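First the structure, then my questions, so here it is.
Please read these numbers as outputs of a predicted model, since none were measured by experiment.
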Amino acid sequence: IVGIPYIRLSRRGSLDTFHKPLSGPGGTILQQKAMNERVRRDGSVFPARVSAAVMENGQVISFYEDITEEQKMRVVIEESEARHRMYVENAPNGIVIFDGSGHVIDVNPAGCLLLKHSKESILSMNMSMSNLVGDEYDFMETIHVLKKEARAECEVVLHDEDGEHRIIRFEFVRLSLNQFMTFFVD
């Protein structure tokens, strides 16, 4: 819609949804975070993202972008993330996600049971800490290998607080340049 005075736009209740104006080449640019529903020429309603620019003469130009496909994709992604979260949470093997420094980002319930630590405790740890993966294991060497090879595996002897020794088999994969995952079993 071209040439609507700013005050008229604000009477529609849009003023409170705009951010602080930014200066741009075409005048002051306002961006609206709230999604609005708009009506197409055929009468159908569609979700829209609204942007507006205040021209030097004080009039507002509004731009409406149909975000129907974006919203559909967002739903697909959210469903996929929920499904994958369910797989990880219910996996029989331990799973730990960590970064390139070894800081633990996430752990599943089976991982907590196998490592005999609470989720909160593991999230505060670093994979290279001896109380998490054992004294004899050089975890940072594994990260070095993962950055080159994308996969690594090892067996580590864990010394439990009760004196029990267990052998844990770890299989590591690189998820991105600085994010890794390990699957492990007792």
Next on the checklist: Tell me whether L123 at atom CG has more than 12 heavy atoms from other residues, nucleotides or ligands lying less than 6.0 Å away.
Outcome noted: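 Counting neighbours around CG of L123, more than 12 heavy atoms of other residues, nucleotides or ligands fall under 6.0 Å, so yes.
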Checklist entry - Just how far is it from atom CZ of R49 to atom CD of Q71, taken to the nearest 0.5 Å? => result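 With rounding to 0.5 Å, CZ (R49) is 9.0 Å from CD (Q71).
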Item to check | Nearest heavy atoms of S118 and C112, plus distance in Å | outcome: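 Closest heavy-atom pair between S118 and C112: C-SG, 4.1 Å.
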Checklist entry - Can any side-chain N or O of R174 pair as donor or acceptor with the backbone N or O of K147 at less than 3.5 Å? => result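 Here the side-chain-to-backbone pair exists.
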Item to check | L146 versus A152, closest heavy-atom pair with distance | outcome: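 Between these two residues, the closest heavy atoms are CD2-N, 3.8 Å.
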Checklist entry - Looking only at heavy atoms, what is the nearest atom pair of G100 and F180, with distance? => result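 Result for this residue pair: CA-CE1, 3.6 Å.
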Next on the checklist: As a quick check of understanding, evaluate side chain to side chain contact (heavy atoms under 4.5 Å, CB included) for I143 and F98, giving each step before the final call.
Outcome noted: CA-CA 10 Å; I143 289 180; F98 58 95; 4.1 Å; yes
Next on the checklist: Within the structure provided, determine whether R40 and D66 are in side-chain contact (heavy-atom separation under 4.5 Å).
Outcome noted: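 Side chain of R40 against side chain of D66, heavy atoms only: contact under 4.5 Å found.
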Item to check | In one Ile/Leu/Val/Met/Phe/Trp/Tyr side-chain cluster, 4.5 Å: L175, I95 | outcome: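 Same cluster: L175 reaches I95 through Ile, Leu, Val, Met, Phe, Trp or Tyr contacts under 4.5 Å.
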Checklist entry - Salt bridge or not for R85 and E81, using N-O below 4.0 Å? => result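 Looking at E81 together with R85, the answer is no, because their closest N to O distance does not fall below 4.0 Å.
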Item to check | CD-CZ distance between E37 and F46, expressed to the nearest 0.5 angstrom | outcome: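 If we round to the nearest 0.5 Å, E37:CD and F46:CZ are 10.0 Å apart.
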Next on the checklist: Please report the interatomic distance CD(E153) to CZ(F183), rounded to the nearest 0.5 Å.
Outcome noted: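 Atom-to-atom, E153:CD and F183:CZ are 13.0 Å apart.
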Next on the checklist: To the closest 0.5 Å, what do you measure between CE (M73) and CD (E70)?
Outcome noted: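 CD of E70 is found 10.5 Å from CE of M73.
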Checklist entry - Applying the side chain to side chain contact (heavy atoms under 4.5 Å, CB included) test to D186, which of I168, L115, L113 qualifies? => result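 That would be I168; it is the only one of I168, L115, L113 passing the side chain to side chain contact (heavy atoms under 4.5 Å, CB included) with D186.
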Checklist entry - Once the angle between the rings of Y87 and H84 is folded into 0 to 90°, is it parallel (under 30°), tilted (30 to 60°) or perpendicular (over 60°)? => result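 Rings of Y87 and H84: perpendicular, as their planes differ by over 60°.
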Checklist entry - Which pair of heavy atoms, one from A91 and one from A110, lies closest together, and at what distance? => result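 Shortest heavy-atom contact: O-CB, 3.4 Å.
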Next on the checklist: As an exercise, state the distance from SG of C154 to CD1 of I167, rounded to the nearest 0.5 Å.
Outcome noted: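 Between atom SG of C154 and atom CD1 of I167 there are 12.0 Å.
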Item to check | Spatial distance of atom CG (D99) from atom CG (N126) [nearest 0.5 Å] | outcome: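 The CG atom of N126 is 7.5 Å from CG of D99, to the nearest 0.5 Å.
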Next on the checklist: Any side-chain to backbone donor/acceptor pair from R38 onto V50? Under 3.5 Å, distance only.
Outcome noted: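 Not a single qualifying donor-acceptor pair exists.
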Checklist entry - Only one of I97, V107, N93, N108 forms a side chain to side chain contact (heavy atoms under 4.5 Å, CB included) with V88, so which one is it? => result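 For V88, the side chain to side chain contact (heavy atoms under 4.5 Å, CB included) test succeeds with only one of I97, V107, N93, N108, which is N108.
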